[in-house]
Each structure stands twice: as C-alpha cells, then as structure tokens.
Novice: 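One structure, as structure tokens, below. Some questions next.
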Amino acid sequence: MGEILFTIIIGLSLIGLGFLVVKFPMLISGYNTMPEADRKKFDIDSYALFMRKIMVIMGCVIIFGSIILYLIDKRSLQSALCITTIFTGLGFLMKKGHDLTKDIKKSKTQKWIGRITAIVVVVIFICIIDTGRPAGIGVKDNFFIINGAYSQRIPLTEITEVEITNELPDITLRTNGLSFWRFHKGYYRTEEGSIMLFFHSGKKPLLLVKSTKAPPIYINRSTKEEIDELYRLLKGE
C-alpha cells in the first residue's frame with residue numbers, strides 16, 4: 001500500500017503546483033528570468049492556465065492510473081506510468097511555451113536556463129519516483145539479490161547474520177542515498193558505522209542482513225508476512 005500512497009502524493013503535488021502557478025506566475029521557469037520588456041509581450045495568463053490544465057491532467061492520470069494498476073496487481077508499472085506522464089506533460093508545456101515565445105528574441109543564456117531547468121525538474125521527479133518504488137528483493141541461484149537503485153548481489157555464503165528486528169540505529173547522516181518522506185534507499189551513517197536502508201513504508205518489523213563485505217542492510221516491506229518470507233529464504237528454511 002505504501003507505493004500507491006507515494007504516487008498519489010506525487011499526483012496531488014502536481015495538481016497543487018498547477019493551481020499555484022496561476023496565482024504566482026513568477027514560479028514559472030523562464031518567465032521569471034525574462035527582461036521586463038519581453039514579459040509584456042508574453043501572454044502569461046494564457047500559459048499559466050494551460051499549465052494548470054496540463055498539471056491537473058498529469059496529476060489525475062498518475063493518481064487514477066496508479067489505483068487501477070494497484071487493483072489489477074500491476075504495481076510494477078507505476079514508475080513507468082509516472083515517468084511517461086511527466087515527460088508527456090512537459091512536452092506539451094514546452095510546445096506551448098515555444099508557440100508563445102516564437103516572436104520574442106531570447107538570449108542564449110535564457111535558452112540554456114530553460115533547458116537546464118527542465119532537465120533538473122525531470123531528474124528530480126525520476127529520483128523521487130525511483131525512491132518510492134519498492135526494491136525487488138529475493139534469493140536466486142544462491143545469491144541474495146536487491147534490484148533497482150543501490151542494487152546488491154550477495155552470495156549466501158557471505159551472509160553472516162539474518163535477524164528480524166524492530167530496532168534501527170540512530171541515523172546521523174545520509175551519505176549516498178535517496179530519501180523522501182518515509183521512503184529511504186541507499187547508504188546512511190550511524191554512530192555504529194555505515195548501513196544501507198531499503199524502506200518504502202513506515203512499517204515494522206525490519207529485516208536485518210549482515211554480510212562479510214556489504215554494510216548491514218535494513219529492509220522493510222508492506223506486510224510482516226513479506227519479511228517472514230524473506231527471512232525463511234535467507235535462512236534456507
């Protein structure tokens with residue numbers, strides 16, 4: 001249930017942002033860097049309303065699409081849905097912006113600012129989506145495998161301890177990871193040393209896996225039954 005809640009939050013954020021740009025058009029990248037003379041030529045009201053429409057459509061597609069995918073047990077497609085929807089929406093927005101500014105001469109600096117901003121926004125959304133996507137975790141061919149961002153492939157012979165716990169060391173720093181709300185992936189530092197987290201919900205218990213090479217790995221899943229199943233697989237039961 002955690003992953004669908006995450007995508008719903010993304011959808012609601014897009015809808016909220018759509019309404020914000022109508023009220024605060026200076027939030028729109030490119031427009032806020034235009035010279036005053038060019039702003040007067042640019043139909044900001046038309047673009048802001050168009051942007052709101054696209055953002056609301058994107059948000060609704062992500063929300064209702066994710067619910068449908070969840071109900072038909074196709075949750076693995078939620079990330080593809082979000083990324084495709086965002087790229088498509090950005091394409092429409094860029095086309096509209098180009099049509100409204102074709103008579104306005106833009107400097108190279110303005111053009112590059114617009115391009116870089118668009119790339120940064122896309123990268124941020126992809127990172128957020130990837131953070132919220134549950135990691136594929138299992139045992140195959142005598143390896144403990146974690147797929148996705150910060151993937152791991154650990155021989156079962158190198159695993160020294162497997163434990164189900166409700167305790168997590170106090171984290172002092174995220175050294176190389178992605179965190180958003182209760183979704184956490186990657187490397188984190190504690191007073192006891194480096195650890196890895198693969199969390200996509202706030203639920204416990206946690207599965208702790210220690211090995212001879214990788215840092216201790218803490219994992220949570222949507223249900224206790226999933227944790228129990230992983231524990232049995234790693235224990236060879």
Side-chain angles (χ1 to χ4, degrees), residues 1-13 16 66 75-76 78-79 82-83 119-237:
M1 193 66 181
E3 60 269 27
I4 188 173
L5 182 60
F6 182 83
T7 53
I8 288 174
I9 290 172
I10 290 177
L12 291 174
S13 298
S66 295
R75 286 170 284 182
S76 61
Q78 287 181 349
S79 295
C82 290
I83 293 171
I119 292 171
V120 169
V121 169
V122 170
V123 170
I124 289 173
F125 266 104
I126 290 175
C127 289
I128 291 174
I129 292 167
D130 189 66
T131 304
R133 181 177 61 182
I137 302 176
V139 175
K140 184 177 181 181
D141 299 330
N142 293 317
F143 282 88
F144 174 51
I145 298 172
I146 301 177
N147 293 318
Y150 305 97
S151 61
Q152 298 290 311
R153 183 180 173 86
I154 304 173
L156 295 182
T157 54
E158 294 182 4
I159 293 178
T160 58
E161 183 179 342
V162 181
E163 177 187 350
I164 295 177
T165 179
N166 287 313
E167 302 297 325
L168 179 68
D170 291 333
I171 294 172
T172 58
L173 181 68
R174 183 179 71 240
T175 55
N176 180 15
L178 301 169
S179 292
F180 178 77
W181 192 31
R182 58 188 184 185
F183 304 88
H184 308 281
K185 285 183 184 179
Y187 295 86
Y188 297 77
R189 185 180 299 165
T190 71
E191 293 181 355
E192 302 170 9
S194 178
I195 64 172
M196 293 192 74
L197 301 182
F198 290 92
F199 289 0
H200 77 281
S201 74
K203 295 185 179 180
K204 293 183 178 180
L206 311 174
L207 183 68
L208 169 61
V209 180
K210 294 183 179 181
S211 66
T212 56
K213 293 183 179 179
I217 299 173
Y218 288 83
I219 300 165
N220 78 353
R221 309 303 280 174
S222 297
T223 65
K224 182 179 183 299
E225 288 72 24
E226 291 177 275
I227 291 292
D228 290 339
E229 177 63 21
L230 282 173
Y231 178 84
R232 286 193 292 268
L233 285 173
L234 290 169
K235 283 289 191 178
E237 298 177 358

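By convention here, the first residue in the shown sequence is residue 1.
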Novice: How long is the straight-line distance from CD of Glu225 back to CG of Leu230, given to the nearest 0.5 Å?
Specialist: 12.0 Å
Novice: Would you say that Tyr231 contacts Leu207 through its side chain, given a criterion of any heavy-atom pair below 4.5 Å between the two side chains?
Specialist: yes
Novice: Measure the shortest side-chain to side-chain distance between Leu206 and Ile227 over non-hydrogen atoms and say whether it is less than 4.5 angstrom.
Specialist: no
Novice: As a quick check of understanding, evaluate side-chain contact (heavy atoms from CB on, under 4.5 Å) for Leu156 and Phe143, giving each step before the final call.
Specialist: CA-CA 5 Å; Leu156 295 182; Phe143 282 88; 5.8 Å; no
Novice: Quick one: list whatever passes side chain to side chain contact (heavy atoms under 4.5 Å, CB included) with Leu12, sequence neighbours left out.
Specialist: Ile8, Ile63
Novice: Cut-off 3.5 Å, no hydrogens considered: what does the side-chain donor-acceptor table look like for residues 169-177, sequence neighbours left out?
Specialist:
from, atom 1, to, atom 2, distance (Å)
Thr172, OG1, Arg189, O, 3.0
Arg174, NE, Gly177, O, 3.3
Thr175, OG1, Tyr187, O, 3.1
Asn176, OD1, Tyr150, OH, 3.3

Novice: How far does NZ of Lys235 sit from CD of Glu163, to the nearest 0.5 angstrom?
Specialist: 9.5 Å
Novice: Are Ile146 and Ser151 packed together at the side-chain level, in the sense that at least one heavy-atom pair is separated by less than 4.5 angstrom?
Specialist: no
Novice: Hey, mind stepping through Arg221 and Ile137 against side-chain contact (heavy atoms from CB on, under 4.5 Å) and telling me if it holds?
Specialist: CA-CA 10 Å; Arg221 309 303 280 174; Ile137 302 176; 3.6 Å; yes
Novice: Donor-acceptor check, side chain of Lys185 to backbone of Phe198, threshold 3.5 angstrom: yes or no?
Specialist: no
Novice: Mind checking salt bridge (charged side-chain N to carboxylate O under 4.0 Å, His left out) for Lys224 and listing every partner two or more places apart, or none if nothing turns up?
Specialist: Asp228
Novice: Using salt bridge (charged side-chain N to carboxylate O under 4.0 Å, His left out) as the criterion, list what pairs up with Glu229, not counting sequence neighbours.
Specialist: Arg232
Novice: Nearest 0.5 Å, please: how far is CG in Leu234 from CD1 in Ile159?
Specialist: 5.0 Å
Novice: Checking Tyr188 now: which residues fulfil side-chain hydrogen bond (donor to acceptor under 3.5 Å, both in side chains) with it, not counting sequence neighbours?
Specialist: Ser179
Novice: For a 4.5 angstrom cut-off between non-hydrogen side-chain atoms, does Ile217 reach Ile154?
Specialist: yes
Novice: Check Phe144 against Val139 and note the closest heavy-atom contact, atom names and distance.
Specialist: CD1-CG2, 4.5 Å
Novice: Who passes side chain to side chain contact (heavy atoms under 4.5 Å, CB included) against Lys210, sequence neighbours left out?
Specialist: Thr160, Glu161, Leu208, Pro216
Novice: Output all residues satisfying salt bridge (charged side-chain N to carboxylate O under 4.0 Å, His left out) with Glu226, sequence neighbours left out; order by chain, then residue number.
Specialist: none
Novice: Before giving the answer on side-chain contact (heavy atoms from CB on, under 4.5 Å), spell out for Ile195 and Leu168 the whole-Å C-alpha distance, their side-chain angles and the decisive distance to 0.1 Å.
Specialist: CA-CA 10 Å; Ile195 64 172; Leu168 179 68; 4.3 Å; yes
Novice: With sequence neighbours excluded, give me every salt bridge (Lys or Arg N to Asp or Glu O under 4.0 Å) pair touching residues 140-155.
Specialist: none
